[in-house]
Amino acid sequence: MLLIAFVLLVVLLVGCKVYAVLTLGRCTSTKKLHGKTVLVTGASRGIGYYTAVDLARRGARVIITSEDKEAVTEARNKIIKETGNTNIVAKYLDLLSFDIVRAFAKDILETENRLDILVNNAGTVGLGRKLTKDGLLPGMQVNHFGPFLLTNLLLDLLKKSGESRIVNVASVLSQVPFGFVLDNINDYKYDMLYETFVYANSKRCVYYATVEMANRLRDSGVTVNCLHPGAVNTIIFNILKINFVLFITNIIGPLYFKTPEEGAQTSIHLAVSDSLHGVTGKYFSDCEESNWWGPKDKKIRQKVWDQSVELVKLSPEETHYD
């Protein structure tokens with residue numbers, strides 16, 4: 001019996017791996033990006049790094065960011081060596097500070113004459129409960145509020161650049177059906193699994209803001225879409241230092257999770273595929289449009305948007321939609 005059970009388990013595991021490989025989405029576009037400027041946040045490693053590498057290979061001017069100055073400089077050098085594209089710029093950006101986000105955006109607006117693709121890739125988990133100096137939960141600020149502010153500040157440049165694209169990295173956890181506090185999105189409902197709920201809530205806000213921004217930017221030439229990269233074997237969840245999570249990511253992860261390069265494929269697809277011309281306000285997974293099965297009520301989207309505008313203190317001068 002034990003032998004039969006073992007054989008069945010092996011067959012199941014192999015079957016799961018085969019299914020994962022066969023259903024893996026991969027960007028097949030050969031589009032070149034010569035003359036285009038791309039900004040990828042959180043690109044010193046993981047999904048962001050491989051997104052930047054691909055876009056650099058296509059000939060784009062690629063600006064990569066990280067909160068770690070040494071790491072982003074090292075990543076720039078690696079991308080140049082790997083792709084032969086020397087038009088790679090490394091910049092410091094810490095989404096935990098709105099002052100830094102505003103200074104970064106000001107620098108981009110003053111030094112770049114166009115921005116064709118913005119990939120809001122940066123994200124994290126495990127930052128604890130101590131509020132940032134902006135008065136927000138750090139996980140919410142890095143994953144949603146910071147990118148929300150940055151995108152709004154760069155909207156005018158994106159609009160001036162013609163047919164531009166905004167790509168927001170969300171997560172399947174955005175569809176978690178509980179723990180979301182609509183009346184105060186900078187809040188959490190449960191102490192148990194706190195970090196997981198904050199991460200899920202932040203990614204739900206990313207989805208709602210994506211759809212709402214897409215509606216506000218209709219006919220502007222700028223499209224906005226978001227994606228689930230899949231279960232990717234990166235260091236992000238190692239930060240939690242929870243034994244069960246570490247077991248999954250360190251033992252199961254290498255066998256069944258996507259590599260960071262595979263996890264970057266949907267981001268790349270949304271950034272370059274000609275088949276997505278004019279497509280906006282959608283949710284993608286494995287390079288295909290997917291059904292986001294969380295609440296889609298327009299009032300919820302607008303409430304998340306209005307709270308986000310208020311919490312990042314977006315001024316009328318910083319507003320470039322409607």
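Worth saying up front: this structure is predicted, and the values here are computed from it rather than measured. Numbers here simply count residues along the sequence, with the first being 1. Side chains included, hydrogens not; waters and symmetry mates left out as well; all remaining heavy atoms used.
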Exercise for review: Can you run down the salt bridge (Lys or Arg N to Asp or Glu O under 4.0 Å) pairs that involve residues 299-318, sequence neighbours left out, and say none if there aren't any?
Suggested key: Arg102-Glu318, Asp183-Lys303, Glu212-Arg301
Review point. According to the side-chain hydrogen bond (donor to acceptor under 3.5 Å, both in side chains) rule, which pairs have a member within residues 67-78, sequence neighbours left out?
Key: none
Exercise for review: Identify, with sequence neighbours excluded, every residue that meets side-chain contact (heavy atoms from CB on, under 4.5 Å) alongside Arg114.
Suggested key: Lys36, Thr37, Asp116, Ser161
Point to revise | All salt bridge (Lys or Arg N to Asp or Glu O under 4.0 Å) counterparts of Asp99, not counting sequence neighbours | key: Lys133
**Study point:** Residues forming a side-chain contact (heavy atoms from CB on, under 4.5 Å) with Val279, sequence neighbours excluded
**Key:** Asn225, Leu276, Lys282, Phe284
Study note, to complete from the structure: Applied to residues 48-98, the ring-ring contact (aromatic ring centres under 6.0 Å, His included) test, sequence neighbours excluded, yields none
Name each donor-acceptor pair under 3.5 Å that joins a side chain in residues 27-34 to protein atoms two or more places apart or in another chain, with its distance.
{"from": "Ser29", "atom 1": "OG", "to": "Lys31", "atom 2": "N", "distance (Å)": "3.2"}
{"from": "Lys31", "atom 1": "NZ", "to": "Asp274", "atom 2": "OD1", "distance (Å)": "3.2"}

**Study point:** Set of residues satisfying side-chain hydrogen bond (donor to acceptor under 3.5 Å, both in side chains) with respect to Arg26, sequence neighbours excluded
**Key:** none
Practice item. Quick one: list whatever passes side-chain hydrogen bond (donor to acceptor under 3.5 Å, both in side chains) with Asn120, sequence neighbours left out. Key: Thr151, Asn168
Point to revise | Residue list, side-chain contact (heavy atoms from CB on, under 4.5 Å) with Asn291, at least two apart or on another chain | key: Trp293, Lys296
Revision key, fill the gap. By side-chain hydrogen bond (donor to acceptor under 3.5 Å, both in side chains), Thr132 pairs with (sequence neighbours left out) Gln141
**Study point:** Pair listing, ring-ring contact (aromatic ring centres under 6.0 Å, His included) test, anchored in residues 135-171, at least two apart
**Key:** His144-Phe148, Phe148-Trp305
